[in-house]
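Scroll down for the structure; my scribbles are underneath it.
Values below: all heavy atoms of this structure, side chains included; hydrogens, waters and symmetry mates excluded. Just so it is clear: chains get the letters A, B, ... in the order the sequence lines come, proteins before strands, and each one is counted from 1.
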Amino acid sequence: MTSPTLVWFRDDLRIADNPALTAAAERGAPIVALFILDEESAGMRPLGAASRWWLHHSVESLRARLAERGVPLVLRRGAAGVVVRAIVRESGASAVFWNRRYASAERAIDSELKSGLRSDGLEVQSFAASLLFEPWTVQTGAGTHYSVFTPFWRACQALPAPRLPLPEPQLLHPGSAGVQRIVASDTLADWNLLPTAPDWAAGLRETWTPGEPAAHDRLREFVATDLPLYDQARDEPSAGATSLLSPRLRWGEISPFSAWHAATGAGGSARFLSELGWREFAWHTLFFFPNLATANLRAEFDNFPWPQPDAQALRAWREGNTGFGIVDAGMRELWHTGHMHNRVRMITASFLVKNLLIDWRIGEQWFWDTLVDADAASNPFNWQWVAGSGADAAPYFRIFNPELQAKKFDPHGLYVQQWAADASPLKIVDLGLTRKAALGAYDVVKRSGRP
DNA sequence: AAGATCTTGTT
DNA sequence: ACAAGATCT
């Protein structure tokens with residue numbers, strides 16, 4: 001019996017353009033695939049509810065597709081460092097391959113495992129798969145990381161172009177099926193990832209098909225029909241011109257390399273590529289600032305005089321009952337579909353922080369819980385961008401006016417009509433007064449930064 | 001990835 | 001009178 005190669009899947013729930021899986025296939029030995037639900041290791045952020053829903057269906061899709069190719073996907077729950085060692089023992093694996101992760105708790109787990117397994121004599125390899133540019137390869141002239149997007153993205157584009165995506169590896173080796181030891185697996189149902197009592201996921205089911213095949217279908221459709229109009233239409237939430245790739249990228253059902261080359265091959269859109277760039281920049285930032293979700297990137301924002309949060313206002317924001325059509329439409333779209341148009345994310349976030357004066361971390365946590373694309377880097381990065389506390393952030397005095405934004409980007413009210421036709425017109429705040437209050441609070445931050 | 005207001009240019 | 005552009009916050 002040949003000792004197998006263990007491929008540990010994490011944020012890369014795909015078969016195509018999966019360098020770890022391809023390298024395992026080339027190694028020739030049978031493959032055992034593993035996915036761990038790690039709710040135990042120190043520092044792991046618990047998945048939000050919408051993320052758990054997506055994960056369930058995406059893992060199910062991956063399991064079925066690997067099974068068709070003769071590769072068992074073992075599911076286990078527990079601290080990854082312990083589980084991987086157990087699976088190595090149980091399977092008799094002599095090599096362990098995975099694609100890299102970039103958040104700090106995950107990196108700590110992975111590097112400890114890599115050195116531990118290697119000193120046990122195993123072959124361990126990690127691969128670049130989830131980012132176009134490894135964070136440490138993008139450096140300023142001074143050898144530091146970037147804190148402003150434009151020079152960051154310029155530096156990325158001066159690096160060698162992103163590699164071509166890898167084709168699906170050949171996984172079925174004649175005679176290899178069934179020769180592996182059987183390794184016990186949880187069932188997905190054991191993990192209780194889906195909501196019950198109540199089952200609030202009907203809107204998610206209507207909206208999304210998780211899994212690699214649907215991700216590629218969407219990419220093809222986006223490139224063929226939406227990309228030509230992208231630059232002009234991406235900011236109109238009723239236009240349906242955005243890629244809808246965010247949850248697929250977050251879970252790695254499709255790689256950024258596939259998205260990059262599909263877009264450039266179709267004539268490209270500098271704007272769409274730069275959106276991929278913002279995703280890169282968010283991960284670049286998280287890599288060098290691991291507390292991005294909890295700490296202000298600009299330390300002077302620690303002096304922001306947040307008032308006691310208004311529980312009623314917060315609830316109205318969450319439920320889409322603020323009386324501002326575009327805010328309410330966005331929050332309802334989010335609740336129903338687990339997604340919100342990018343422009344509207346900025347508007348609703350600005351409203352929470354700058355009109356309700358509620359700490360960006362509270363909004364970030366709500367998005368974390370309700371977005372199917374909740375991403376450990378992009379979500380806190382973008383909240384800090386809106387709040388003004390982040391990297392290359394919106395200046396503190398840039399306060400969106402939701403009514404002007406609606407006039408500009410939803411001039412016919414189609415988006416508001418779609419999501420908030422029945423919303424109450426009663427406005428919970430005065431935009432002018434709350435704007436002044438926010439400017440006053442930011443002034444405190446500004447003055448605190450001076451000697 | 002902005003808003004308010006002031007300035008300049010065109011009817 | 002109004003719009004586009006510059007400037008400050």
Using the test ring-ring contact (aromatic ring centres under 6.0 Å, His included), find all partners of [X] that sit at least two apart in sequence or belong to another chain.
| X | result |
| --- | --- |
| A:Phe288 | A:His145, A:His284 |
| A:Phe133 | none |
| A:Phe301 | A:Tyr442 |

### Task
Taking atom types as modelled, find out whether A:Ser41 and A:Asp38 have a side-chain donor-acceptor pair closer than 3.5 angstrom.
yes

### Message
Looking only at the side chains, is there a donor atom on one of A:Ser448 and A:Glu300 sitting less than 3.5 Å from an acceptor on the other?
### Response
no

Contacts of type side chain to side chain contact (heavy atoms under 4.5 Å, CB included), residue [X], not counting sequence neighbours:
| X | value |
| --- | --- |
| A:Ala377 | A:Ala282, A:Trp283, A:Leu286, A:Asp375 |
| A:Ala215 | A:Arg248, A:Glu253, A:Ile254 |
| A:Glu319 | A:Arg315, A:Asn321 |
| A:Asp392 | A:Val148, A:Phe149, A:Trp278, A:Phe281 |

Could you run down the sub-3.5 Å N/O contacts of the protein with nucleotides 1-4 of chain C?
none

### Message
Parallel, tilted or perpendicular: which one describes the rings of A:Phe367 and A:Trp383, with boundaries at 30° and 60°?
### Response
perpendicular

### Query
When the ring planes of A:Trp260 and A:Trp153 are compared, do they come out parallel, tilted or perpendicular, using 30° and 60° as the limits?
perpendicular

### Query
Between B:dA2 atom P and A:Ile347 atom CD1, what is the distance in whole Å?
9 Å

### Query
For A:Asp392 and B:dA2, what is the distance between atoms CG and C1' respectively, to the nearest whole Å?
15 Å

### Message
Requiring both pairing distances under 3.5 angstrom, list the stems that contain DNA chain B and are made of three or more consecutive Watson-Crick or G-U pairs.
### Response
B:2-10 with C:1-9

With 3.5 Å as the limit, what N/O pairs link the protein to nucleotides 6-9 of chain C?
none

Side-chain donor-acceptor pairs under 3.5 Å in residues 418-426 of chain A, sequence neighbours left out?
from     : atom 1 : to       : atom 2 : distance (Å)
A:Asp422 : OD1    : A:Arg332 : NH1    : 3.1
A:Ser424 : OG     : A:Leu426 : N      : 3.0

### Query
Does anything in residues 371-389 of chain A reach DNA chain B, meaning a heavy atom under 4.0 Å, and if so which residues?
A:Trp385

